[in-house]
K.L.:
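Mind having a look at this structure? Questions to follow.
Excluded from the calculations below are hydrogen atoms, water molecules and symmetry mates; all remaining heavy atoms, backbone and side chain alike, are included. Numbering starts at 1 and runs along the sequence shown.
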Amino acid sequence: VDNNPYVVFKNSVSVDNKFNLRIDKEMSDGSRPDAEFPIQVLLGLEDKKPYTGTYNLYDENGGLIGENQTASEEGILTLKAGQYAIIRGLMGGNKITVQETEYGGRKAPGYTMTGPLAGEPVVTENNISGIAKEGKDLGDNPEVKVTITNYPLPGLTVSKTVSGNMGDRNREFDFTVQAQNSEGQPVSVNGTYGDIVVRDGQFKLKHGQSLVIPELPYGVTCTVTESILEEEGYTTTVKVNNGGEMNSKTVTVENMDTAAVIDFTNTKKLNVPTGIFTDNLPYLMMLAMAAIGLTGFGRSRKRVKKSRDDD
């Protein structure tokens, strides 16, 4: 035996005690907005630490679009709707916490976590967390999958219909739209939306036209008013989301969490009085018959006179 015996300790993590973390970004309506969503990944049971390693980025069809991307010092990686990221080689037994740190004025997202977990994941309003199994309990090709589902921003559509035999379908009708966020602060809606221009909240619509304002803040309140004088003879009605018809020129939709559709209809008719025909029909018929009789009598006298002249 050597006079200087020693023991060497080697610490290593078995490949059998590693798993991959997949994070998917989805929209509840299947849409694909161009917005980027920052997602934070924290690891650890008590002393949570940001994940600052690398990840691969994929599109919804599984195509690699970013290899060895690096998370920020705060553990932030960025995803668009339809994309997913894979972090490889995390150690079993880790507690994983995933949260979206900014969702662009949208409703707070929903979270799910599946895979080889040691218990049910914990979901709060702000994040989701779960503890991965260890060793052989992870199974083959272990993957913990987190799906973050965002909700679309509410939009506003205002449409115009002109009806009635006197309605001017070529005329532009004046409207005003005002918007406030959930805290009562004004939200600007000025801009160009297709062929419709909104300036200082004012815009014009003809028969068959619609103003579509997309992606307003979650919880927004919108008030739309049509400006038209009573003496012009139009009757104005309005419907919200195909609901009941209201006799009003102003409508308010509060605390919007989904899209709202407001339909304004202006009706102007020329009423032809028909009562005189039905109420006086017998007298009119008598007058008509008398006129026919007088005409016939006059023609008869002319024929008699002409016959005498010929004699």
Side-chain angles (χ1 to χ4, degrees), residues 25-38 79-82 100 102-110 148-163 167-229 234 236-267:
K25 164 56 61 183
E26 289 294 341
M27 299 296 294
S28 63
D29 63 349
S31 61
R32 295 291 181 257
D34 195 46
E36 293 184 333
F37 299 88
L79 292 177
K80 292 183 178 181
E100 191 171 298
E102 174 58 45
Y103 28 93
R106 291 172 170 81
K107 177 183 176 180
I148 304 174
T149 302
N150 286 83
Y151 300 90
L153 290 169
L156 176 67
T157 298
V158 182
S159 67
K160 160 58 61 183
T161 300
V162 178
S163 67
D168 187 352
R169 289 165 173 76
N170 295 315
R171 170 184 168 176
E172 291 183 325
F173 293 84
D174 296 316
F175 290 86
T176 301
V177 57
Q178 295 177 320
Q180 294 180 327
N181 63 21
S182 57
E183 298 176 354
Q185 300 169 333
V187 174
S188 175
V189 293
N190 293 334
T192 301
Y193 305 93
D195 296 331
I196 311 300
V197 177
V198 179
R199 183 177 293 110
D200 297 328
Q202 299 179 345
F203 62 98
K204 298 176 182 293
L205 290 178
K206 291 181 180 180
H207 170 73
Q209 287 187 319
S210 295
L211 168 69
V212 180
I213 303 176
E215 298 193 344
L216 291 165
Y218 177 76
V220 69
T221 293
C222 292
T223 299
V224 182
T225 301
E226 182 176 10
S227 301
I228 185 170
L229 299 175
Y234 282 94
T236 302
T237 57
V238 61
K239 294 191 298 183
V240 179
N241 294 333
N242 288 321
E245 203 169 54
M246 300 175 289
N247 292 314
S248 179
K249 297 175 184 176
T250 298
V251 64
T252 298
V253 184
E254 298 181 339
N255 195 27
M256 292 168 53
D257 58 0
T258 58
V261 179
I262 302 175
D263 297 302
F264 281 88
T265 299
N266 291 72
T267 304

K.L.:
Taking C-beta and beyond as the side chain, do F203 and V198 meet within less than 4.5 Å on heavy atoms?
P.N.:
yes
K.L.:
Hey, could you give me the OG1/CG distance between T157 and L211, rounded to the nearest 0.5 Å?
P.N.:
7.5 Å
K.L.:
Please find the pair of heavy atoms, one from I196 and one from S210, that lie closest to each other, and give the distance.
P.N.:
CG1-O, 3.8 Å
K.L.:
If I compare all heavy atoms of A260 with all of V253, which pair ends up nearest, and what's the gap?
P.N.:
CB-CG1, 4.1 Å
K.L.:
Do you know the tightest heavy-atom contact between G201 and N190?
P.N.:
N-OD1, 2.9 Å
K.L.:
If you compare all heavy atoms of P154 against all heavy atoms of D257, which two are closest, and at what distance to 0.1 Å?
P.N.:
CB-C, 4.1 Å
K.L.:
Is there a side-chain contact between V261 and N242 (heavy atoms, below 4.5 Å)?
P.N.:
no
K.L.:
What I want to check is whether the side chains of T225 and T250 have a donor and an acceptor closer together than 3.5 Å.
P.N.:
yes
K.L.:
Could you note down all residue pairs passing side chain to side chain donor-acceptor pair (under 3.5 Å) where residues 167-186 supplies at least one of them, sequence neighbours left out?
P.N.:
R171-E232, D174-K204, N181-Q185
K.L.:
Where does the angle between the aromatic ring planes of F264 and F175 fall among parallel (under 30°), tilted (30 to 60°) and perpendicular (over 60°)?
P.N.:
perpendicular
K.L.:
Does a side-chain heavy-atom distance below 4.5 Å link R106 with E100?
P.N.:
no
K.L.:
Taking all atoms of both residues into account, what is the closest heavy-atom pair of V189 and A179, and its distance?
P.N.:
CG1-CB, 4.1 Å
K.L.:
My understanding is that only residues two or more places apart in sequence, or in another chain, count here; which of them pass side chain to side chain donor-acceptor pair (under 3.5 Å) with S28?
P.N.:
none
K.L.:
Which value, rounded to the nearest 0.5 Å, describes the distance between D195 atom CG and L205 atom CG?
P.N.:
11.0 Å
K.L.:
Using modelled atom types and a 3.5 Å cut-off, is there a donor and acceptor pairing between side-chain atoms of K249 and backbone atoms of T236?
P.N.:
no
K.L.:
Could you check whether any side-chain heavy atom of L156 comes within less than 4.5 Å of a side-chain heavy atom of V224, counting everything from C-beta outward?
P.N.:
yes
K.L.:
Is the backbone of N255 close enough, under 3.5 Å, to the side chain of T221 for a donor and an acceptor to pair up by distance?
P.N.:
yes
K.L.:
First locate atom CZ of F173, then atom CD1 of I228, and finally report the distance between them rounded to the nearest 0.5 Å.
P.N.:
5.0 Å
K.L.:
Quick check on side chain to side chain donor-acceptor pair (under 3.5 Å): which of T237, T267, T265 does S163 satisfy it with?
P.N.:
T267
K.L.:
Out of curiosity, M256 CE to L216 CG, how far, rounded to the nearest 0.5 Å?
P.N.:
5.5 Å
K.L.:
Does the side chain of Q202 reach to within under 4.5 Å of the side chain of S227, using non-hydrogen atoms?
P.N.:
no
K.L.:
For D263 and V240, indicate whether the former's side chain and the latter's backbone hold a donor-acceptor pair under 3.5 Å.
P.N.:
no
K.L.:
Looking only at non-hydrogen atoms, find the nearest pair between A81 and M27 and report the distance.
P.N.:
CB-CG, 3.5 Å
